[in-house]
Chemist: 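Have a look at the structure that comes next, please.
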Amino acid sequence: MSRRTALKALGATLGAAAFAQAIAPLTEWAADMSVDEYLQKHYKELSPVDLAMVIARLEQRTKEETGVEVHIGDYRPQPGVKFGYALNLSICVGCRRCAQACHVENNHDRPSGNSYIRVLEMQKGSMDLAKGRVNYSGPVPNPEKFYLPVQCQQCDKPPCVSVCPVEATWKETDGIVVVDYNWCIGCRYCEAACPYHARRFNWKKPEIPAAEINPDQGYLSNRIRPQGVMEKCTFCLHRTRQGKLPACLEACPTGARVFGNLLDPESEIRWVLKNKRVFVLKEDVGTQPSFFYFFDE
Amino acid sequence: MNKAALRKQATSYRRFLWQAARDATEGSAWFYAWMILLTALALVGLHAWAVQMRDGLAVTGMNDHVSWGLYIANFTFMVGLAAGGVMMVIPAYLYHDHEMHDLTIVGELLAVAAIVMCICFVVVDMGRPERFWHMFPFVGRFNFPVSMLTWDVIVLNGYLALNLHICGYLLYKRFLGERPNPRWYVPFVYLSIFWAISIHTVTAFLYSGLGGRPLWNTALLAPRFLVTAFIAGPAFIIVVLFVLRRLGGVPVARRPLEILVNVVRVTLLINLLMVVSELFTELYGGGARTASGHYLFFGLNGANALVPWIWTAVGMGVVSAVMFLRPGVVAHPVWLTVACALAFTGIWIEKGMGLIVPAFIPSSLHEIVEYFPSLVEWQVSAGIWAWGLLILTVALKIALPILREPHPEREKASHTVEAAPRADAKST
């Protein structure tokens with residue numbers, strides 16, 4: 001064997017060792033992933049039996065990791081229902097209770113204080129978002145300001161859905177745009193496409209103290225999300241599809257929020273749409289939101 | 001073809017691969033040093049990415065406001081480099097310029113390395129890259145044709161396959177000592193030229209189709225992408241040619257070099273015109289839709305992280321444009337290399353960080369959150385660049401004998417080139 005060949009062999013060996021060392025963190029990452037999980041099909045292609053097994057696995061996983069018994073339901077849209085939301089800007093006081101309720105209800109990551117709702121403190125007499133700010137503090141409401149809470153507008157023409165390369169997000173028959181957390185590849189194209197800053201990415205595994213986990217969970221909504229996937233407001237579908245109201249509405253101390261079925265002529269939301277001069281955010285981008293704002297006076 | 005012939009071909013193909021592997025791993029001390037350096041950088045990047053996979057993309061500087069950063073910036077730039085490498089092949093075939101034909105392979109090899117880097121930059125940006133199979137037809141759900149990203153997946157992979165075929169075929173034929181049959185590669189070269197335009201147009205549409213991001217929502221984006229590709233690609237190839245001459249003893253023919261220089265000279269000026277057009281539109285109109293442009297060029301409410309970068313890029317563009325206009329600079333290899341490096345770096349800033357990041361600042365709710373790439377992002381990006389250069393070095397090393405050898409076609413070609421003026425002279 002020549003000296004050159006020996007050196008090459010040595011180089012290759014060293015290279016292989018360095019390679020193994022470099023990818024070591026990947027093995028730690030892959031340790032808690034099962035084959036079943038990896039090969040899991042898209043939500044729409046899962047049979048009822050498949051889905052029951054997936055849910056059992058997720059519940060079991062949560063129990064092992066946190067010791068908490070959770071229930072994950074597969075809540076489907078009801079026929080004849082299309083949800084709409086309206087918000088009275090004249091009486092919103094900017095207390096951020098809605099954002100806080102969302103944070104708790106939807107099992108958000110605690111350290112980042114994540115929420116699907118952002119409340120902007122706006123200049124009276126202007127709808128220019130550039131003049132608003134989110135990091136206001138002190139007593140509210142400030143008489144010089146009005147407050148604009150923004151969350152997913154559940155658009156009828158959602159740009160986030162069109163751009164997804166793998167159909168991991170779609171609009172359900174009741175108007176709610178959902179994400180299959182087990183199908184999303186985490187490219188964040190939807191986050192770039194959304195004009196309302198409504199989407200959030202799981203930059204790391206969410207951290208929630210066991211005592212604070214909300215055990216009433218939905219498969220497509222507030223179950224604890226995996227790392228590296230997108231999430232968004234689902235109008236609390238695990239509640240609203242069972243006839244309850246969204247958590248943000250229940251938390252609102254002023255009654256600024258109105259939620260209901262747009263297809264029911266007797267609903268409160270239909271009354272608002274008929275009797276108030278409502279508007280939608282960024283109408284010019286053509287997204288056709290199901291979320292409406294109005295002023296009383 | 002009978003069995004014996006098949007077996008003979010299989011053996012020669014095995015010998016070809018063996019020869020290629022030897023060419024790729026034999027070289028001078030400088031070659032080994034270069035390869036070890038690139039390997040080390042690639043491994044650092046690989047490790048950083050492994051850490052990012054384990055701990056999540058929280059280890060990057062990105063967040064829900066600026067959700068794309070250095071990775072997608074580099075991706076966008078590399079698509080341009082991949083396209084530019086092949087688009088410079090156009091003159092070779094359009095004008096039947098036979099000296100240019102040999103350069104075809106350099107452009108195509110550059111395209112292969114650049115596309116591999118593109119794919120790497122997308123993979124490292126993904127939260128769940130292991131779910132890539134969700135895109136496959138039949139087993140996954142491919143949102144075609146609605147999602148522009150699915151178009152990009154198709155054109156990028158198709159482009160990689162095309163260029164691998166062309167390079168592989170030419171190299172193999174040369175190894176056998178046979179003349180490549182034009183039927184087996186010329187149609188693919190034509191296809192790859194159109195395909196090169198498509199990869200960059202589709203990538204521009206990826207951004208310009210988003211109504212919620214005013215900075216990208218401009219029809220100028222796709223033309224500008226193509227123009228900058230015509231700067232970065234040829235500029236890089238000019239430098240590669242000088243390196244090959246110096247280290248590999250490959251002669252640089254005068255005419256191909258002239259064509260490349262002309263291409264960069266013109267496209268640099270067109271790009272400056274486009275930058276000015278965009279600046280004017282941003283400044284004269286004003287309003288919320290121009291906030292990102294203001295942030296990029298002048299800063300917004302005290303946030304101005306990108307301002308020095310973009311003006312550096314503009315400065316590099318202007319200086320290199322002036323240099324390319326001066327005959328003394330163009331004739332001088334060292335100055336020409338400097339001009340190419342300036343043009344290349346300027347485009348990298350302008351089309352990378354200068355294009356991707358400001359579209360997110362201010363955010364869609366007009367919050368101003370600035371973005372600074374983290375150490376992990378720099379490591380991963382440097383690792384991918386090293387990996388790309390590693391591929392390019394090995395590929396060029398294997399192709400070197402082809403570039404050095406006198407070409408049988410070339411003699412024939414120069415004959416036809418000489419014949420033409422004589423015919424002309426007779427007629428006048």
Side-chain angles (χ1 to χ4, degrees), chain A residues 4 8 11 15 18-19 21-26 28-30 33 38 42 44-45 114 118 120 128-134 150 159 162-168 183-189 191-197 199-205 226-230 282 284-287, chain B residues 25-26 32 36 39-40 43-47 49-60 62-65 67-68 122 125-132 134-135 139-144 146-150 152-153 206-207 209-213 288 291 359-360 362-367:
Chain A
R4 180 165 277 239
K8 269 191 185 179
F19 180 81
Q21 198 63 35
I23 61 162
L26 275 185
E28 289 169 45
W29 163 78
M33 183 161 46
Y38 181 65
H42 189 279
K44 289 184 186 172
E45 282 160 24
N114 196 22
R118 292 183 92 72
L120 278 80
D128 188 355
L129 294 173
K131 292 190 182 127
R133 58 195 190 115
V134 285
V150 183
S162 326
V163 300
C164 178
V166 294
E167 297 176 16
W183 192 260
C184 172
I185 57 173
C187 70
R188 305 189 299 291
Y189 196 11
E191 196 167 24
C194 175
Y196 304 103
H197 189 59
R199 289 187 164 251
R200 303 283 185 276
F201 184 68
N202 285 278
W203 299 95
K204 61 182 176 62
K205 203 175 152 79
Q227 174 174 300
V229 302
M230 293 305 305
K282 299 194 183 185
D284 54 320
V285 291
T287 47
Chain B
T25 53
E26 296 278 319
Y32 282 116
I36 287 170
T39 309
L43 284 173
V44 167
L46 183 68
H47 179 70
W49 175 70
V51 169
Q52 177 193 293
M53 280 303 292
R54 185 191 61 196
D55 300 342
L57 280 139
V59 298
T60 70
M62 292 184 277
N63 51 60
D64 282 322
H65 296 275
S67 49
W68 281 341
V122 172
D125 189 66
M126 284 163 70
R128 305 298 297 228
E130 84 281 8
R131 293 182 183 171
F132 64 94
H134 291 183
M135 286 198 204
V139 286
R141 290 173 82 97
F142 198 53
N143 193 11
F144 185 81
V146 178
S147 169
M148 285 316 292
L149 205 51
T150 57
D152 223 18
V153 169
L206 204 76
Y207 306 112
L210 302 182
R213 303 279 168 198
F360 296 95
S363 77
S364 46
L365 292 184
H366 285 263
E367 289 173 59

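Hydrogens, waters and symmetry mates are skipped; everything else that's a heavy atom, side chains included, is used. Per chain, numbering begins at 1; letters A, B, ... match sequence-line order.
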Chemist: What residue in B:Val139, B:Leu43, B:Ile36 has the most heavy-atom pairs under 4.5 Å with chain A?
Modeler: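 So the answer, after comparing B:Val139, B:Leu43, B:Ile36, is B:Leu43.
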Chemist: Less than 6.0 Å separating the ring centroids of A:His197 and B:His65?
Modeler: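 Yes: the rings meet the under 6.0 Å criterion.
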Chemist: For B:Arg213 and A:Glu191, which heavy atoms make the closest approach, and how far apart are they?
Modeler: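 Distance-wise, the nearest heavy atoms are NH2-O, 3.2 Å.
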Chemist: Measuring heavy-atom distances to chain B, does A:Leu120 have an atom under 4.5 Å in its side chain, in its backbone, in both, or in neither?
Modeler: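 Contact with chain B: side chain only.
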Chemist: Is B:Pro129 close to B:Trp49 at the side-chain level, that is, under 4.5 Å between some pair of heavy atoms?
Modeler: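 Yes. Closest side-chain heavy atoms under 4.5 Å.
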Chemist: Quick one: list whatever passes side chain to side chain donor-acceptor pair (under 3.5 Å) with A:Trp203, sequence neighbours left out.
Modeler: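 Partners of A:Trp203 under the side chain to side chain donor-acceptor pair (under 3.5 Å) test: B:Asp64.
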Chemist: By a 4.5 Å heavy-atom criterion (distance strictly below it), what part of B:Tyr32 contacts chain A: side chain, backbone, both, or neither?
Modeler: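 The answer is the side chain of B:Tyr32.
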Chemist: Pick one of side chain, backbone, both or neither for A:Arg4, based on which atoms fall under 4.5 Å of a heavy atom in chain B.
Modeler: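 Contact with chain B involves the side chain of A:Arg4 alone.
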Chemist: With a 4.5 Å cut-off on heavy-atom pairs, point out which of B:Ser67, B:Gly212, B:Gly45 contacts chain A the most.
Modeler: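 When all of B:Ser67, B:Gly212, B:Gly45 are compared, B:Ser67 has the most.
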Chemist: Examine whether an atom of A:Val166 lies under 4.5 Å from a heavy atom of chain B, and if so say whether it belongs to the side chain, the backbone or both; otherwise answer neither.
Modeler: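 Backbone plus side chain of A:Val166, per the 4.5 Å heavy-atom cut-off to chain B.
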Chemist: Heavy-atom distance under 4.5 Å to chain B: side chain of A:Met33, backbone, both or neither?
Modeler: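 It is the side chain, since no backbone atom gets that close.
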Chemist: Are the charged groups of B:Glu367 and A:Arg133 less than 4.0 angstrom apart, N to O?
Modeler: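 Here B:Glu367 does not pair with A:Arg133 in a salt bridge, since their nearest N and O are not under 4.0 Å apart.
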